[in-house]
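Okay, structure first, notes after.
Numbering of ligands and ligand atoms starts at 1, following listing order.
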Amino acid sequence: MQGKTPLGFSDRFFEQELKPWLPEKVLDFHTHIWQRDQWIGNTGSTEAVNDNTLFAPEEKKEFQKYMSTATEYPVEELQRDGAAAFPGLKYHAVVFGQPTPACDHIKTNAYTARAAAAADNLFPLRVTGPALKTSPEELRRDMSENGFYGYKVFLDWVGDEYPPLTFDDMLTKDELRYAHENGLIVLLHVPRGGRLADPEVGESVRRLALEYPGMRLVLAHCGRCYRYEEIRQALHWVADLENVWFDCSMAMDPTVLAYILQRKDPRKMLFATDLPVAAMHGKRVNVADHWVDLVLPGYTESHYRVASDNMRASFMIHEIAKAVIIGAELAGVSPEDVKRISWDNGMKLLGSVRKM
Ligand SMILES: [Zn+2]
């Protein structure tokens, strides 16, 4: 630990502020794992990702600056961070690879499947989307042979340069139909600067959720609404939909959680982190019209990331859990329902997937 953060601070913070609210086992519904040889070009370093021939020079620069974490995050590190963040509890996670064009999706999916098969606490999702040009036969074979519980929807762009996509562009009709028929989980990071509040994004999410009611649609990062102003404009698109859940990864503003929990069944909220990002020590705060990650020194430079040792800080994972606890209290959610957010809700959802 550095600066003002004393040794053992995270453990004490967890013990005092979080543990009483958590069940004995936790399920983290949003985590990434990958190895360095999955970067296209087998580069082995974030500098070398720049050499990737897929990207024009200006795109390479953006890719490097947005949400940079590590060159690799193997499953062993995920297990280590999960155990460190929840001392004394049994950590479980929904895992998937790097869903970007910078990464070889066949390798990243195969690694996810292998890692999950070798563990008793991991549930794999397959990176899936039209840009990957998977045939219907290949999709079905890969899903059933590797025990995937659904898709992590592929993001066909780099960095925070969101193209004008809607949900319609992010999965093929066949991929949607297959998810509908088998009750698959579809974990979606909604596109565009306007997030779920963008009327075209919100409308496409609503329409496809209604058209494919068997699909279990999970909106990552609360529909990417990290700010009260965003969720207030976004929630109406999905508030009444039975087949739409929220994962609260990287959502650390209790007013966002409270707004959702007041208006949507608390059983549709899933605890999630977005590891490795949330392994950073610090907190995502809101400044004017955008989030900012306030972190201890030593992490890779990235857009909207401010480093300082002039504070005490714990895992961002802990700040997410704290936002859920406070948001639930503001919304009048019972302590039993709060515990269900970190285990039962997600396990029930995974258990309902028809394995092929
Ligand atoms: Zn993620």
Is the closest basic N to carboxylate O distance between R12 and E17 below 4.0 Å?
-> no

Which N, O or S atom of D274 lies nearest to the Zn ion (ligand 1), by name = OD1

Check whether any N, O or S atom of H221 sits under 2.8 Å from the Zn ion (ligand 1).
-> no

Would you kindly check if the NZ (Lys) or CZ (Arg) of R140 is within the cone defined by 45 degrees around the ring axis of Y178 and under 6.0 Å from the six-membered ring centre?
-> yes

Decide, yes or no, whether a salt bridge links E203 with R206 under the criterion of side-chain N to carboxylate O below 4.0 Å.
-> no

N/O/S atom of H32 inside 2.8 Å of the Zn ion (ligand 1), strictly under = yes

Think R312 forms a cation-pi with F13, using NZ or CZ under 6.0 Å from the six-ring centre and within 45 degrees of its axis?
-> no

